[in-house]
There are 2 protein chains.
Amino acid sequence: MYVAIYEDLSARIAAGELAAEARLPSEHAIAEQFGVSRMTVRQALDKLVDEGVLLRRRGAGTFVGSERTRYRRQNRLASFGAEIGADDELETQVLQIRAVVPDDQVREELQLRAGAQAVEVRRLRRLPGGPVSLQTSWVPYALASSLPRHGLVGGSLYRTLREEHQVELRWAEQAVSASAADEEAARLLEVPLHAPLLEIRRTAHVETNAPAEYARSLTRPEFPLWMRLQA
Amino acid sequence: MYVAIYEDLSARIAAGELAAEARLPSEHAIAEQFGVSRMTVRQALDKLVDEGVLLRRRGAGTFVGSERTRYRRQNRLASFGAEIGADDELETQVLQIRAVVPDDQVREELQLRAGAQAVEVRRLRRLPGGPVSLQTSWVPYALASSLPRHGLVGGSLYRTLREEHQVELRWAEQAVSASAADEEAARLLEVPLHAPLLEIRRTAHVETNAPAEYARSLTRPEFPLWMRLQA
DNA sequence: GAGTGGTCTAGACCACATG
DNA sequence: ATGTGGTCTAGACCACTCA
């Protein structure tokens, strides 16, 4: 039920029915409107506040965040397109999909036995203006053995895992740093050799907390990563 | 009351009394132990799960996260020392504190009137092994007019704002990217000219959602930023 | 089958912001 | 003075995990 309230409010904000800075009905009023208790409403609002879509002000009300604040759903495990706020225009060039015996760091992150295989997916993500990000992902072979044969659905690894392999990713931890473009990255991302790039190493997990994807990505610095911090 | 439970559990995990991978008592049991309802316990556990300290597995129990997962309290607005997990050893070299009329981007982020002043704080953060990060912060002059005279408490801007100016920061949004070291950054951070650096631009807010700090930092790539993503 | 976390109810009192 | 969000109660039923 709280998911239904969450989706209803999300849709109304996305549609502009609830504009930026607008005040929402009070939690009591929303509860009555949906015929649920206030704790259930709060569960939906908590999620939207966490994403930066809503702001709460004690004694005053709950407000829709500014355009900029809510444009990017922050700290969410989403497709890369949604992450940079350009899901529609993003193109994916699949460079390679193959089964490999991964290196030690990948093996450890995916908790694979020595010699166990993983599927390696290398992609270049592009916008009309040019290349954006070079991404390499590894998925345990046992989870997605048909990936090399069947390829990606719509260029999205997460969508493919969900729809073709019944693998639903729930949370991830990632390390964000910077690195200099090597020859391959410079060529594919169309930047000078040794140019600074945003480097992300991510381990994503399914609901049982088992790791299901390890990824390394290099992104042009014009596409920063937005995040939200709580005290 | 949920804060008390949160702090009790945090302390027991930090002290090693609850080791990594250990299972916590059930939510019902914790509620009885503290004499509160289960919803209150969940409020405390939610916060720890959000930080990556605890992991929940439906039907099985709540577990302390692995050393690595819980070492860094992720997505939290904390002092830089706590952020990189080396609060004790971090040294702060204050390069400059002065009142300035900031540039347009800073003025807009802090929602200052044209010509209004801000206090600029420039710091170099160091560990025993060498420099780590070069940080410039701006705070509206009205919030901290005595900062240039009195300086920082223990090298920490957030602590100074809290203790000397009654300014408590509650949340922030930040853009994370990469940039090449200019001459000054290269000299202070002891890296080659044009070396890749992690660049963060952060706007921090008080409880009323008014902006109270804008900061730009450049960090050596050996000190990545860790974050946690939820589906 | 027993115990766990996930969700929900139908209230309540409080501190706080605003008119 | 009114209404808001912040917190809390004392239950409940469910799906799920695991012995």
Side-chain angles (χ1 to χ4, degrees), chain A residues 1-9 13 18 21-65 166-171 205-210 230-231, chain B residues 1-9 13 18 21-65 166-168 170-171 205-210 212 230-231:
Chain A
M1 296 212 44
Y2 80 87
V3 173
I5 298 172
Y6 167 85
E7 288 175 350
D8 181 83
L9 291 173
I13 292 167
L18 291 165
E21 316 297 344
R23 199 180 87 178
L24 265 66
S26 76
E27 297 179 352
H28 295 85
I30 297 174
E32 195 174 359
Q33 175 191 337
F34 283 91
V36 299
S37 80
R38 196 179 141 214
M39 295 297 287
T40 304
V41 171
R42 282 186 66 81
Q43 209 168 341
L45 296 187
D46 282 347
K47 203 172 166 191
L48 289 163
V49 169
D50 184 54
E51 292 175 5
V53 175
L54 298 178
L55 294 175
R56 282 200 264 234
R57 281 164 51 203
R58 174 166 33 174
T62 304
F63 301 82
V64 179
Q166 288 73 51
V167 173
E168 182 86 43
L169 300 177
R170 301 302 290 267
W171 64 276
H205 305 254
V206 294
E207 193 175 16
T208 62
N209 300 320
Q230 288 291 336
Chain B
M1 298 213 43
Y2 81 86
V3 173
I5 298 172
Y6 166 86
E7 288 175 350
D8 180 83
L9 290 173
I13 291 167
L18 291 165
E21 316 298 344
R23 197 179 87 175
L24 265 67
S26 76
E27 297 179 351
H28 296 87
I30 297 174
E32 194 174 0
Q33 175 192 337
F34 283 91
V36 301
S37 79
R38 197 178 140 216
M39 294 298 288
T40 305
V41 171
R42 282 186 65 83
Q43 209 167 342
L45 296 187
D46 282 348
K47 203 172 165 189
L48 289 163
V49 169
D50 184 55
E51 291 175 6
V53 175
L54 297 179
L55 295 176
R56 281 201 266 233
R57 280 166 49 204
R58 174 168 29 172
T62 304
F63 302 80
V64 179
Q166 289 73 50
V167 173
E168 182 86 44
R170 300 302 289 270
W171 64 276
H205 306 254
V206 295
E207 193 176 15
T208 62
N209 300 321
Q230 289 289 337

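Just so it is clear, the structure is predicted and the values come from calculations on it, not from any experiment. Residue numbers begin at 1 in each chain, while the letters A, B, ... track the order of the sequences.
- Of all the heavy atoms in P25(B) and I30(B), the pair that sits closest is O-CD1, 3.5 Å.
- Residue S26(B) places no side-chain N or O under 4.0 Å from the OP1 or OP2 atom of dG3(C).
- Residue-to-nucleotide proximity on DNA chain C shows that, of G61(B) and R58(A), the 5′-proximal contact is made by G61(B).
- Shown here are the salt bridge (charged side-chain N to carboxylate O under 4.0 Å, His left out) partners of R58(B), two or more places apart in sequence or in another chain: E207(A).
- Between atom CD1 of residue I5(A) and atom CD of residue E7(A) there is a gap of 11.0 Å, rounded to the nearest 0.5 Å.
- At whole-Å resolution of the value, CD in E27(B) and P in dT4(C) are 10 Å apart.
- With values rounded to the nearest 0.5 angstrom, L24(B) atom CG is found 10.5 Å from R56(B) atom CZ.
- Here the CG-NZ distance, from L9(A) to K47(A), works out to 12.0 Å after rounding to the nearest 0.5 Å.
- The shortest non-hydrogen separation linking R57(B) to N209(A) is CG-ND2, 3.4 Å.
- The interatomic distance linking R23(B) (CZ) with dG3(C) (P) rounds to 11 Å, in whole Å.
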**Residues L55(B), V49(B); criterion side chain to side chain contact (heavy atoms under 4.5 Å, CB included); working and verdict** = CA-CA 6 Å; L55(B) 295 176; V49(B) 169; over 6 Å; no
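- Near DNA chain C, meaning a heavy atom under 4.0 Å away, the residues from residues 32-46 of chain B are R38(B), M39(B), R42(B).
- Residue order along DNA chain C, read from the 5' end via each residue's closest nucleotide, puts A60(B) first among A60(B) and V3(A).
- Counting to the nearest Å, the P atom of dG5(C) and the CZ atom of R56(B) are 8 Å from each other.
- Bounding nucleotides for the chain B contact on DNA chain D, 5' to 3', at a heavy-atom distance below 4.0 Å, are dT7(D) to dC18(D).
- We find that CG of N209(B) is positioned 13 Å from C1' of dA17(C), with the value rounded to whole Å.
- Taken from CG in D8(A) to CZ in F34(A), the straight-line distance is 4.0 Å, to the nearest 0.5 Å.
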